[in-house]
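Here's the structure, in structure tokens; my notes come after.
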Amino acid sequence: MAKQQHPMVLTANNLVEGHSVFLAPDGWHRDIARAMVVVTPEQAGELEALGKRHVTDNEIVGPYLVDVMLGDAGPAPVQRREQIRAAGIPTIPVGRAARDRIAA
């Protein structure tokens, strides 16, 4: 029996700000709900090639495909690591939270 393939989106990190971003029809966005979803290996290959062009254009770094489940709110990552990235929640204190932690 063939393995069931999940739909996928392309994610990367914004080169300037470092945020996790997702490729949408109109560019890179932090909101995964706007992401282009692909369902076939051929579409996935095309999306990866598009991501590589954006790397060459110095827009993003580290593009890769993420398995998602489709729901009423749009695509949602399957794996926990990607759920955290999509939520935009840092796993360590950064910025002011880090300074406050050091001062305590």
Side-chain angles (χ1 to χ4, degrees):
M1 178 162 40
K3 181 181 174 189
Q4 174 68 29
Q5 180 175 326
H6 288 281
M8 294 174 276
V9 300
L10 189 68
T11 188
N13 287 89
N14 177 286
L15 189 58
V16 175
E17 297 177 359
H19 298 296
S20 298
V21 290
F22 303 89
L23 186 58
D26 61 340
W28 295 93
H29 295 278
R30 291 179 69 183
D31 184 2
I32 193 172
R34 297 177 68 175
M36 289 189 289
V37 177
V38 297
V39 294
T40 69
E42 294 79 18
Q43 291 171 330
E46 291 171 8
L47 204 57
E48 285 181 308
L50 184 55
K52 289 177 184 177
R53 286 196 298 267
H54 287 262
V55 169
T56 301
D57 292 341
N58 292 319
E59 294 177 43
I60 51 100
V61 293
Y64 62 95
L65 294 167
V66 173
D67 289 337
V68 295
M69 301 290 282
L70 301 178
D72 293 338
V78 173
Q79 295 182 342
R80 182 66 180 142
R81 175 184 189 272
E82 303 307 329
Q83 292 168 357
I84 293 167
R85 289 183 76 246
I89 302 168
T91 57
I92 59 172
V94 295
R96 185 175 183 175
R99 285 191 305 270
D100 292 347
R101 184 180 213 181
I102 291 170

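Computation of the quantities below employed the complete heavy-atom set of this structure, encompassing side-chain atoms and omitting hydrogens, waters and symmetry-equivalent molecules. Just so it is clear, the structure is predicted and the values come from calculations on it, not from any experiment.
- Nearest heavy atoms, Gly18 versus Asn13: O-ND2, 3.0 Å.
- For the residue pair Leu10 and Gly51, the shortest heavy atom distance occurs at CD2-CA, 3.6 Å.
- To the nearest 0.5 Å, atoms CD (Glu17) and CZ (Arg30) are separated by 7.0 Å.
- Taking all atoms of both residues into account, the shortest heavy-atom contact from Val21 to Asn14 is CG2-N, 3.9 Å.
- Distance alone, capped at 3.5 Å, is enough to place a donor-acceptor pair between the Arg85 side chain and the Ala12 backbone.
- Considering every non-hydrogen atom in both Gln5 and Thr40, the closest pair reads NE2-C, 4.1 Å.
- Residue pairs satisfying the side chain to side chain donor-acceptor pair (under 3.5 Å) criterion with at least one member in residues 66-80, sequence neighbours excluded, are listed as follows: Arg80-Gln83.
- In this structure, Glu82 CD and Leu65 CG are separated by 10.5 Å, a value rounded to the nearest 0.5 Å.
- Counting only residues at least two apart or on different chains, the ring pair (Phe, Tyr, Trp, His ring centres under 6.0 Å) pairs with a member in residues 29-82 are Trp28-His54.
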Between Val55 and Ile60, does the side chain to side chain contact (heavy atoms under 4.5 Å, CB included) criterion hold? Intermediate values first, please.
CA-CA 5 Å; Val55 169; Ile60 51 100; 3.4 Å; yes
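- Minimum heavy-atom separation, Met36 to Val9: O-CG1, 3.4 Å.
- Listed for the Asp57 side chain is no donor-acceptor partner under 3.5 Å among the backbone atoms of Glu59.
- In this structure, Met8 CE and Leu47 CG are separated by 8.5 Å, a value rounded to the nearest 0.5 Å.
- In terms of hydrophobic clustering, with Ile, Leu, Val, Met, Phe, Trp and Tyr side chains grouped at heavy-atom distances under 4.5 Å, Val78 and Leu70 are assigned to different clusters.
- Minimum interatomic distance between Thr11 and Val66 (heavy atoms only, all atoms of both residues): CG2-CG2, 3.3 Å.
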